[in-house]
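Taking it in order: structure first as structure tokens, then the write-up.
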2 protein chains.
Amino acid sequence: MDMDAVFRALADKSRRSLLDRLFGKNGQTLGELTEGLAMSRQAVSKHLAILEDANLVAAHRRGREKLHYLNPVPIAEIAVRWIGKYEHAQVEALLSLKDHLEKPE
Amino acid sequence: MDMDAVFRALADKSRRSLLDRLFGKNGQTLGELTEGLAMSRQAVSKHLAILEDANLVAAHRRGREKLHYLNPVPIAEIAVRWIGKYEHAQVEALLSLKDHLEKPE
DNA sequence: GTTATAGGCAACCATCTGGTTGCATGTCAA
DNA sequence: TTGACATGCAACCAGATGGTTGCCTATAAC
């Protein structure tokens, strides 16, 4: 994973806001995502392209529309792989619980 | 906390690398942090100023030296307050363990 | 006191970034 | 097939960003 692309994508408030909107309602079109923003459709399109490059958003066409979906995996990977460096002891303990929760044998 | 400043500060690879160096050895001077980097002292100084503004680094003078210390708190806050939006269920569970570990009554 | 060392300040520069506008393309509907 | 709608592409622009160099200040060492 290209962590640098993810960090750079997350650096912009508008892009984080777009992720928030997709979190609220997944699978939105470009036009839908543009509504209510003080920004042109093209600006939003550029932001979405950056989010796609960072693999934070996945999209596919449906006819003339393009549907955008949130991909939270890179965020989770940063949490584990990078933040873990700084929260090492805590995260180690937390991950053992995570594993335990996911495989409750 | 100004999360935007933190995200923007973390967007640059050189700055993340400086945090890494402070993680490895805390309390370094500007000169020490510059050693071995393909960058001037002034460039490093600017990066450290941005990290200080984002409260990721705290510094104080000792004589003619300036000692820099890592502050991991904003990183942890982002993990909890922002990443939590996307990893909600997991983080909730993990935090309850965190609390439990910190207050083992 | 003089000199060396650690850092700060300011001007400057190239490139990146976030935005715009104008026009082209592709698809649905009548 | 004609028009409306959803998106893509490209050129352009102002301001932010990351870096440089040159010089200044403050403290330590001799």
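This is a predicted model, so every value here is computed, not measured. So that the names make sense, note that chain A is the first sequence line, chain B the second, and so on, each numbered from 1.
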Could you pull out every donor-acceptor pair under 3.5 Å between side chains of residues 27-43 of chain B and any protein atom, sequence neighbours left out?
| from | atom 1 | to | atom 2 | distance (Å) |
| --- | --- | --- | --- | --- |
| B:Gln28 | NE2 | B:Arg21 | O | 3.1 |
| B:Gln28 | NE2 | B:Lys25 | O | 3.0 |
| B:Thr29 | OG1 | B:Glu32 | N | 3.1 |
| B:Glu32 | OE1 | B:Thr29 | N | 3.2 |
| B:Glu32 | OE2 | B:Lys25 | NZ | 2.3 |
| B:Thr34 | OG1 | B:Leu30 | O | 2.9 |
| B:Ser40 | OG | B:Ala43 | N | 3.2 |

- Query: Does any N or O in the side chain of A:Arg8 come within less than 3.5 Å of the main-chain N or O of B:Lys13, such that one atom is a donor and the other an acceptor?
  - Reply: no

- Note on the structure: Outermost contacting nts on DNA chain D, any atom under 4.0 Å from chain B heavy atoms, listed 5' then 3', are D:dT17 to D:dA28

- Message: Output one letter per nucleotide in nucleotides 2-8 of chain C: B when a protein non-hydrogen atom lies under 4.0 Å from the base, S when only the sugar-phosphate is that close, - when neither is.
- Response: --BBSBB

- Query: Of A:Leu22, A:Asn71, A:Leu19, A:Val73, which meets side chain to side chain contact (heavy atoms under 4.5 Å, CB included) against A:Leu56?
  - Reply: A:Leu19

- Query: Can you list the residues that meet the salt bridge (Lys or Arg N to Asp or Glu O under 4.0 Å) rule with A:Arg62, with sequence neighbours excluded?
  - Reply: A:Glu65

- Determine whether A:Val57 and A:Leu18 make a side-chain contact, defined as any pair of heavy atoms from C-beta on separated by less than 4.5 Å. no

- Message: I need the A:Leu51 CG to A:Asp12 CG distance, nearest 0.5 Å.
- Response: 9.0 Å

Just the table, please: protein N/O against nucleotides 13-17 of chain C N/O, every pair under 3.5 Å.
none

- Message: Run the side chain to side chain contact (heavy atoms under 4.5 Å, CB included) test on B:Tyr69 and B:His60 for me, step by step, so that the C-alpha distance in whole Å, both residues' side-chain angles and the decisive distance to 0.1 Å come before the verdict.
- Response: CA-CA 9 Å; B:Tyr69 297 87; B:His60 71 266; 3.3 Å; yes

- Item | Point-to-point distance, once rounded to the nearest 0.5 Å, from CG of A:Asp2 to CG of A:Asn55 | 10.0 Å

- CH2 (B:Trp82) and CE (B:Met3) are apart, to the nearest 0.5 Å, by 8.0 Å

- Contact list for residues 48-61 of chain A, test salt bridge (charged side-chain N to carboxylate O under 4.0 Å, His left out), sequence neighbours left out: A:Glu52-A:Lys66

